[in-house]
Every structure is written in C-alpha cells, then in structure tokens.
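One structure is given below, encoded as structure tokens.
Each residue takes its place number in the sequence, starting with 1. Note: hydrogens, waters and symmetry copies are ignored here, and every other heavy atom, side chains too, is used.
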Amino acid sequence: MRSFSISHKGEAKEFILDETATVGELRAIVADAFGVEPQNQRLLLKGGNFTHDSTILGNAIPTENSSARIVLMGTATRDIEKFKASTARRVEGQANRHKYMATVSRTPRTAQGGENSYGFLGFEPLAEFADKARALAMLHKLAADEGVKQVMKKHEYVVGTLRELHPAEKTILGYNRNRGQVIALRLRTDSLDGFRDYGEVRRVLMHELAHIVWDEHDVNFRTLNSQLCREVVELDWTRRGRTVGSASYAPELLDVGVDGGALGATGFVLGGEAPQLPPGDTDQPAVTNRRRELVYKAAQKRMDKKT
C-alpha cells in the first residue's frame, strides 16, 4: 500500500492505494475528490511518471518518496461550466445588439406628471455578490441624495433603471444607455475589497445624466456636465453651511476617462470614442485610450491634493 497526498488550489487530501493500482485508477479517484475530469488533469511529482493510464503506481511514483506529495493542475468541471455559461451570455448579448438598436430613442427621457415623477424608477445591484444589499443601499442613497433629487427635478430627468456596473468592466466607470433608459455605475473597487468613494460615484452619475441630453463629449456636454456637478452641491440644502470634502464638485475629472460617450446598445471603452469591439478585432485605438487614461489619472491626483 502507498500513502500520498494530492493538493489542488491550496486544498490537500490524503489517499492510500495499493501499489498495483494504475495511474488511470488514480485519475478516477482524483476526479471524484476534486471534480477535475481525468482528461483535464495534470499530475506533478518530482521523478513521477503519470503519462500512461496503464502504468501501475509502483512504477509511477519513485520508491524513495515514501510519502509522495502530488500537485494536481487542472480546472474543475464546475468552473468550466461557469465559464461556458458566462461566455454564452456574452455572445447572446452581442447577438441581441441589433434588437436593442431598434429601440434607441434620440429624445431625452423626461418625466410625465408632477415633481415626484422625476428620479429613478428601478434599481439593480449585482446579484452574484454576497453583499448585494450594500450595493443596493448605495444606489438608493444616490437616488435619495437631496442634491441629486434637486438636479433631477430641475432638469425633469427620469431614469428607468439605476444599475450596478460589473467591476470586471474596468475600462469604464459608468454608461448611459438610450438617454436614461439605463444608467450603470461602477460601485466596487478594482480589487473588490470594498466600495468606491461615494462622492466620486455621484460625480460619475452627474456625468451620465448629462448624456441624457448630449451624446458626445463636446463643448455642449462639458458645459452641462459642469453645471450638474455644481448644482448637485449647491442645490443640496442639507449641506449648506457645512464643509464636506465629498460634497465638492470637480467636473474636470469627468471630462475624460468615464465612458467615452452616450450609448445606444453598445458599450464604449475608457476615454475612447468608438464602441467596444468583438474579441479579435484589431481596430481598437489603444494608444489614444492609454493617453486619455493617463490624463484622467493626472486630473484625479490634482483633485486629491485639493481635498
């Protein structure tokens, strides 16, 4: 009998097998224990020989390794299925792009009715995170923010859904689809260890609200964006007479590097001026994107010094 341990992604398990057992039999046991199918397994051991399934363990494992420690490399079946499902959803979304384009409106979305009609009609945090309640609370906080409420009322804005943007979309901070049908904001940090600064998220929201009226980042957009960033502070009567760092407005932070423009049915890259390209497309303006990203970071550092 031979005793040995097998580790996979930090998890180790002990096994005892007869030396006459084959490598193929070992792979079957490993599949049951770790969920990695035999064809996806790579067994690593100094001096070990696991190439052929017919090899008996007495020959596959060196005799000097009285207590062998084998490292298993390979992706579990459940992880492969998750990846396939995620890829299928992305492909389906791209396939439905033309359907969304058919519904794109070129008219700013405004409320019909009294002042209570202005605002956000629905909220969507990411359901896959355990702390989705915190993300939902931040979305509600933005909607209940007195400055935001006054901006929505003054400009008669209505947003169909205020959504959490997936943190995997690291190239953008938010987007506005169909002039207010959906506004998505990146709430979580890149490292997923917490949430982004509330003041910064609110400034991105002002940026996306400006896209309800103007698509491109031209002078008209920048003028409105600056106005909204100023008004969200000035119209917030709850903060009058107090100095609050997060209440300052910095429209220059939002002139670059947020979303690249208003969206119809497609996304835009950080600081870019064109829709996201499908995998393998080489027309992406990477140099321009990088330059504008550096401009954004420089502007952010200036604002950090001011606060």
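- Between the side chain of Gln41 and the backbone N or O of Arg27 there is at least one donor-acceptor pair closer than 3.5 Å.
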Q) Does the pair Asp53 and Thr22 meet the rule for a side-chain contact (heavy atoms from CB on, under 4.5 Å), with working shown? A) CA-CA 6 Å; Asp53 288 346; Thr22 65; 5.9 Å; no
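- Look at Glu169 and Arg186 and you find no salt bridge, because none of the NZ, NE, NH1 or NH2 atoms lies under 4.0 Å from a carboxylate O.
- Using modelled atom types, one side-chain atom of Glu164 and one backbone atom of Leu126 make a donor-acceptor pair closer than 3.5 Å.
- Side-chain atoms of His52 do not come within 3.5 Å of backbone N or O of Ser54 as any donor-acceptor pair.
- Crowding of Ile16 atom CD1: a count of heavy atoms from other residues, nucleotides or ligands under 6.0 Å not exceeding 12.
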Q) After noting the C-alpha distance and the side-chain angles of Leu26 and Val30, does the key distance pass the side-chain contact (heavy atoms from CB on, under 4.5 Å) rule? A) CA-CA 6 Å; Leu26 173 63; Val30 168; 4.2 Å; yes
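- Looking only at side-chain heavy atoms (C-beta outward), Val36 and Thr75 stay at 4.5 Å or farther from each other.
- Using a 4.5 Å heavy-atom cutoff, the side chains of Arg196 and Leu187 are not in contact.
- At a threshold of 4.5 Å between side-chain heavy atoms, the hydrophobic network of Ile, Leu, Val, Met, Phe, Trp and Tyr places Ile56 and Leu45 in two separate groups.
- Residues His207 and Phe221 bring their aromatic ring centres within 6.0 Å.
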Q. side-chain contact (heavy atoms from CB on, under 4.5 Å) between Leu17 and Glu25: does it pass, once the steps are laid out?
A. CA-CA 10 Å; Leu17 288 177; Glu25 292 172 331; over 6 Å; no
Donor-acceptor pairs under 3.5 Å, side chain of residues 142-152 to any protein atom, not counting sequence neighbours: which ones?
unit_1, atom_1, unit_2, atom_2, d
Asp145, OD1, Gly147, N, 2.8
Asp145, OD1, Val148, N, 3.3
Asp145, OD1, Arg202, NH1, 3.2
Asp145, OD2, Tyr198, OH, 2.7
Asp145, OD2, Arg202, NH1, 3.1
Glu146, OE2, Gln150, NE2, 2.8
Glu146, OE2, Trp237, NE1, 3.1

Q) Where do Val232 and Leu205 land on the side-chain contact (heavy atoms from CB on, under 4.5 Å) test, with the steps shown first? A) CA-CA 10 Å; Val232 76; Leu205 174 59; over 6 Å; no
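- The two atoms that bring Val23 and Ala60 nearest to each other are CG2-CB, 3.8 Å, heavy atoms only.
- At a threshold of 4.5 Å between non-hydrogen side-chain atoms, the residues Leu185 and Leu173 do not count as touching.
- Put simply, the side chain of Arg222 gets close to the backbone of His217: a donor and an acceptor are under 3.5 Å apart.
- Within the model, atoms CD1 of Ile6 and CD of Glu14 stand 9.5 Å from one another, a figure rounded to the nearest 0.5 Å.
- Minimum interatomic distance between Leu224 and Trp214 (heavy atoms only, all atoms of both residues): CD2-CD1, 3.8 Å.
- Thr77 places a side-chain N or O within 3.5 Å of a backbone atom of Gly35 that can act as its donor or acceptor partner.
- One N or O on the side chain of His8 and one on the backbone of Gly74 form a donor-acceptor pair closer than 3.5 Å.
- Here the straight-line distance linking atom CD of Glu234 with atom CD of Gln227 works out to 9.5 Å at 0.5 Å rounding.
- Residue pairs meeting the salt bridge (Lys or Arg N to Asp or Glu O under 4.0 Å) criterion with at least one partner in residues 31-41, sequence neighbours excluded, do not occur; the list is empty.
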Side-chain donor-acceptor distances from residues 130-141 under 3.5 Å, at least two apart:
unit_1, atom_1, unit_2, atom_2, d
Asp131, OD1, Arg188, NH1, 2.9
Asp131, OD1, Arg188, NH2, 3.3
Asp131, OD2, Arg188, NH1, 3.3

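- Panel note: side chain Lys153, backbone Tyr118; no donor-acceptor pair is recorded below 3.5 Å.
- Side chains of Tyr175 and Ile183 form no contact here, defined as non-hydrogen atoms less than 4.5 Å apart.
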